[in-house]
Amino acid sequence: MKVRLRDISQFDKEAAETAIQKDHGLHPDDRFLKPGRIPHIWCPGCGLGVVLTTFIEAVRRNQIPIDKCVVVSGIGCTGRVAGYLDMDTYHTTHGRAIPFATGLALANPEMSVTVFSGDGDLFAIGGNHLIHAARRNVNLKVICVNNFNFGMTGGQVAPTTPLEARTSTTPTGNAEPGFNLPYLAHAAGAIYVARWTTFHPRQLVHSISQALNKKGFTFVEAIAPCPTGYGRPNKLGSGLEEMRFYRDMSEIRNGADPKLAEIKLRQRFIVGTFLDSERPDFLENYDKNVVSRVKSKQKVKEKGKAA
Amino acid sequence: MKFWRLPLDAEAHSIPQGMVHIIESRCKGCGFCIEFCPNGCLKQSKRFNVKGYHPPELIFQAEDCVECGLCSLICPEFAIFTELKEAKKITENDIEKVTTRYSRKDKRYTKR
């Protein structure tokens with residue numbers, strides 16, 4: 001018996017492009033998305049798409065021009081945001097989203113730089129960068145999507161996994177308590193700290209648009225369901241059931257002490273805007289303490305030379 | 001329950017009527033829009049889309065949609081959005097409808 005091989009046809013570039021363009025532009029948010037990238041790869045029931053939609057809505061509400069808007073993301077499921085948004089986006093190395101973004105924000109202060117990354121990227125490998133960017137108060141807007149595990153690599157334990165939670169590397173329960181992210185950002189010196197879940201999309205839009213208007217280091221944590229990596233081993237169910245869990249368990253308390261915002265497994269937790277303050281940012285301090293003094297010294301030298 | 005007159009400021013207000021657009025080929029069937037629509041306009045359809053999920057469909061021809069836009073905000077797939085069709089004037093019928101809804105005579109609300 002002879003196997004019949006498939007006829008190999010040449011690659012038709014036009015047909016491929018029309019197939020990409022066919023599905024683009026059906027939704028009003030598509031003007032912010034790269035053509036041909038949607039549908040995205042995130043699982044059904046994942047909350048990352050909700051956070052992306054709220055970010056687009058916040059950009060539209062603030063009327064930031066697309067060429068003034070930069071999104072930097074690290075590695076992980078959330079890191080793919082950079083590939084989907086049709087603006088100046090950078091998909092950087094693991095944990096180094098904030099150093100890249102710091103360079104961007106200092107080189108061109110007119111840009112509105114947003115760091116869109118996950119908890120494993122920002123707090124595990126990039127933890128040091130985050131606390132030092134917050135200490136310097138660089139003009140960055142950090143959106144951290146927290147799904148309590150390393151989702152893309154197979155649901156391993158992350159620094160945000162609560163105590164006793166089960167993941168693929170802690171099948172009998174996690175022995176370490178998780179990070180309290182708003183408390184950490186507040187202690188490191190962020191000027192705006194908020195936490196919402198994906199069940200609160202309107203509040204999330206309001207928070208992100210407030211953060212985009214501020215000058216300095218802002219931190220917004222968005223708790224997202226992860227049905228594959230975190231929901232299944234902890235018996236939280238599908239993405240929809242996890243959303244219902246967040247609806248029942250979240251307690252809105254604006255202006256609360258972020259110390260109380262610790263997340264424990266299957267217990268109530270606090271959401272809200274914890275902190276909204278003002279502080280001179282890095283460029284302002286740098287101009288005041290370095291640039292202006294060096295300039296005045298140079299003037300004195302030039303005067304001396306002229307004399 | 002019937003009101004004996006319209007509210008005095010009924011002419012100053014209007015009820016927005018929305019049209020829901022569903023891009024069925026993008027839907028992954030997570031059910032967020034069906035669960036969290038405040039007016040309960042959507043339900044799961046019995047047919048399949050290209051990927052093999054059940055996309056949402058409207059219950060009463062978008063009569064109850066007030067164009068709040070929560071479905072488009074909460075959809076992770078960019079598969080649903082609303083559009084303002086018209087701003088309707090308030091009539092006695094509407095007030096009756098609203099009062100029955102909040103008195104929990106509406107079947108959709110007693111079920112939950």
Side-chain angles (χ1 to χ4, degrees), chain A residues 22-34 37-58 60-61 77 81 84-85 145 196-206 208 222 224-227 231 237-244 246-247, chain B residues 16-59 62 65-85 108-109 111-112:
Chain A
K22 197 186 76 184
D23 210 24
H24 187 71
L26 295 173
H27 194 275
D29 282 353
D30 276 1
R31 74 180 59 166
F32 293 92
L33 300 168
K34 284 195 181 111
R37 296 296 176 94
I38 301 293
H40 49 63
I41 65 148
W42 298 322
C43 312
C46 176
L48 276 165
V50 184
V51 186
L52 181 57
T53 319
T54 52
F55 173 70
I56 289 173
E57 183 66 31
R60 191 190 286 139
R61 193 180 280 189
C77 286
V81 164
Y84 296 132
L85 281 170
V145 184
W196 297 103
T197 71
T198 45
F199 173 69
H200 308 96
R202 288 201 198 281
Q203 289 91 329
L204 202 55
V205 170
H206 183 70
I208 295 173
C226 181
S238 63
L240 185 59
E241 280 167 47
E242 219 167 317
M243 288 279 265
R244 280 186 206 135
Y246 292 143
R247 178 183 62 190
Chain B
Q17 263 204 316
M19 226 159 83
V20 184
H21 298 268
I22 301 163
I23 308 165
E24 289 191 357
S25 61
R26 286 187 185 181
C27 180
K28 283 184 194 165
C30 63
F32 288 179
C33 52
I34 300 165
E35 173 85 16
F36 299 118
C37 175
N39 274 6
C41 292
L42 298 160
K43 69 169 184 189
Q44 201 173 48
S45 65
K46 282 182 179 165
R47 62 179 183 279
F48 294 98
N49 67 358
V50 183
K51 292 175 191 149
Y53 295 108
H54 294 287
E57 67 178 10
L58 288 166
I59 288 182
C65 176
V66 291
E67 212 242 337
C68 69
L70 188 83
C71 52
S72 70
L73 261 186
I74 214 162
C75 177
E77 311 291 333
F78 304 96
I80 187 167
F81 65 98
T82 53
E83 197 183 31
L84 186 66
K85 201 161 66 180
R108 283 171 290 166
Y109 289 86
K111 211 161 54 177
R112 276 179 203 168

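The model shown is predicted, which means the values in this text are computed figures rather than measured ones.
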[X] portion near chain B, given a 4.5 angstrom heavy-atom threshold:
{"X": "Asp23(A)", "result": "both"}
{"X": "Val51(A)", "result": "neither"}
{"X": "Leu33(A)", "result": "side chain"}
{"X": "Leu48(A)", "result": "neither"}
{"X": "Ile38(A)", "result": "side chain"}
{"X": "Ser238(A)", "result": "neither"}

### Task
Look at atom NZ of Lys22(A) and say whether more than 12 heavy atoms of other residues, nucleotides or ligands are closer to it than 6.0 Å.
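Not more than 12 within 6.0 Å, no.
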### Query
For Arg31(A), does the CZ atom have more than 12 heavy-atom neighbours from other residues, nucleotides or ligands under 6.0 Å away?
no
### Query
So which part of Ile80(B) gets closer than 4.5 Å to some heavy atom of chain A, the side chain, the backbone, both or neither?
backbone
### Message
With a 4.5 angstrom heavy-atom cut-off, is it the side chain or the backbone of Leu73(B) that approaches chain A, or both, or neither?
### Response
both
### Query
Hey, are Arg60(A) and Glu57(A) close enough for a salt bridge, meaning a charged N less than 4.0 Å from a carboxylate O?
yes
### Query
Which of the residues Cys75(B), Cys27(B), Gly29(B), Cys68(B) is involved in the greatest number of heavy-atom pairs with chain A at under 4.5 angstrom?
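Highest number of pairs under 4.5 Å: Cys68(B).
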Okay, side chain of [X], backbone of [Y]: is any donor-acceptor separation there less than 3.5 Å?
{"X": "Asp29(A)", "Y": "Phe78(B)", "result": "no"}
{"X": "Lys34(A)", "Y": "Leu85(A)", "result": "yes"}
{"X": "His27(A)", "Y": "Glu77(B)", "result": "no"}

#### Entry: 4.5 Å side-chain heavy-atom contact, Arg47(B) and Ser45(B)
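Heavy-atom side-chain distance check passes, below 4.5 Å.
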